[in-house]
Amino acid sequence: MELNEQVMSGPGTGPVEVAADAALIVVDVQRGFAEPYWGPRNNPGAEGNMAALIDAWQASGRPVVFVRHDSSSPRSPLRPGQPGNAFQDVVGERLGRGAGPELLVAKSVNSAFYGEPDLDAWLRGAGVRQIVVIGIQTNMCNETTARMGGNLGYDVLFPLDAMHTFDATGPFGWTLTADELSRTTAVSLQAGGFARVVSTAAVLRGLGGEGAGG
């Protein structure tokens, strides 16, 4: 069973409380991640779920943060000035179209909280205490942003089916598939108390209560 099927059939599909001012953090949905450079990916339904969440957030007037990775690596498709640095259509077609506040954060490291402008300052200035993290990659910038958000005291929701990652090779010749990495991220985040791992459907159902958590 693929990851998306497991998420949709698991216990995390019931509605979750979504605050009236909860911010959606859309991480690094850039054209460079569609290039063969990264290898095999998982969750082909990720972009559809991202689109559904962005549309729902923008329609509700809740804040949306779009994050762009400006890589400093000379080989990365995400480096500034390259076509891969631009947002994919799922984000590019939605920028600036929300009924609520929007922010563009540029970063060169894994956490969206270490970018410009200062994400934490912007969220706290708006009184936001809950964030929902989606985008690319699950076990890299998404996980790092969620961990730091949890450390900073935010209530973090992590819709696992609204993101994807790639197969990877680590130390000692160990390799993990994208689905294995995604499950590892999900277990680590929830077991460590950094975030609540949920489904896109659960978050969308929570939005239907208009501010049940806020």
Side-chain angles (χ1 to χ4, degrees), residues 1-10 12-13 24-57 64-71 73 76-78 82-95 105 107 109-112 131-149 156-170 174-190 194-204:
M1 184 183 294
E2 292 185 355
L3 180 76
N4 194 47
E5 295 173 330
Q6 294 178 45
V7 171
M8 291 303 298
S9 63
T13 56
L24 183 68
I25 315 295
V26 186
V27 180
D28 301 351
V29 186
Q30 293 164 255
R31 295 186 185 277
F33 279 122
E35 297 186 14
Y37 174 88
W38 305 97
R41 62 166 279 184
N42 70 335
N43 193 17
E47 286 79 6
N49 288 329
M50 293 178 203
L53 286 167
I54 296 169
D55 287 345
W57 243 260
V64 181
V65 177
F66 295 103
V67 182
R68 186 187 70 232
H69 191 82
D70 292 341
S71 178
S73 170
S76 175
L78 305 177
Q82 298 300 308
N85 183 256
F87 287 118
Q88 295 181 25
D89 289 347
V90 66
V91 165
E93 293 173 353
R94 291 169 170 81
L95 278 170
V105 172
K107 64 178 180 61
V109 294
N110 299 104
S111 175
I131 62 174
V132 181
V133 179
I134 65 173
I136 310 170
Q137 303 180 53
T138 307
N139 59 312
M140 296 291 186
C141 294
N142 291 8
E143 180 175 350
T144 306
T145 297
R147 283 177 177 271
M148 191 164 178
V156 182
L157 299 178
F158 201 79
L160 194 63
D161 54 349
M163 57 188 74
H164 73 79
T165 191
F166 304 90
D167 295 1
T169 300
W174 295 344
T175 60
L176 290 174
T177 67
D179 271 0
E180 289 170 335
L181 288 165
S182 295
R183 286 192 290 269
T184 299
T185 288
V187 171
S188 295
L189 287 178
Q190 188 145 313
F194 296 102
R196 288 182 284 159
V197 180
V198 295
S199 68
T200 296
V203 175
L204 291 174

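It should be emphasised that the depicted structure is a prediction, and the values quoted were computed from it without experimental measurement. Values reported hereafter were calculated over all heavy atoms of this structure, with side chains retained and with hydrogens, waters and symmetry mates removed.
- The minimum heavy-atom distance between Ala162 and Leu53, with the atom names listed, is CB-CD1, 3.8 Å.
- The shortest heavy-atom contact between Phe87 and Gly92 is CB-N, 4.0 Å.
- Remark: the backbone N or O of Gln30 is paired with a side-chain donor or acceptor of Gln88 at under 3.5 angstrom.
- Between Met163 atom CE and Asn42 atom CG the span is 10.5 Å, to the nearest 0.5 Å.
- Between Phe66 and the options Leu24, Ile54, Asp28, a side-chain contact (heavy atoms from CB on, under 4.5 Å) holds for only Ile54.
- In this structure, the side chain of Trp57 does not engage the main chain of Ile25 through any donor-acceptor pair within 3.5 Å.
- The main-chain N or O of Ala178 is found under 3.5 Å from a side-chain atom of Asp167 such that the two form a donor-acceptor pair.
- Arg41 is not listed as a side-chain neighbour of Ile136, based on a closest heavy-atom distance of 4.5 Å or more.
- Between His164 and Glu47 there is a side-chain heavy-atom pair separated by less than 4.5 Å.
- Taking the six-membered ring where the residue is Trp, Phe33 and Phe166 present parallel rings, their angle staying beneath 30° rather than reaching 60°.
- Considering all non-hydrogen atoms of both residues, Val156 and Gly149 come closest at CG2-C, 3.9 Å.
- Here the straight-line distance linking atom CG of Leu157 with atom OG1 of Thr200 works out to 11.0 Å at 0.5 Å rounding.
- The two residues Glu35 and Gly84 make their nearest non-hydrogen contact at OE2-CA, 4.3 Å.
- Between the side chains of Asp161 and Asn43, no donor-acceptor pair of N or O atoms lies under 3.5 Å.
- Residue pairs meeting the salt bridge (Lys or Arg N to Asp or Glu O under 4.0 Å) criterion with at least one partner in residues 131-146, sequence neighbours excluded, are Glu143-Arg147.
- With Thr138 contributing its side chain and Ser182 its backbone, the two residues share no donor-acceptor pair below 3.5 Å.
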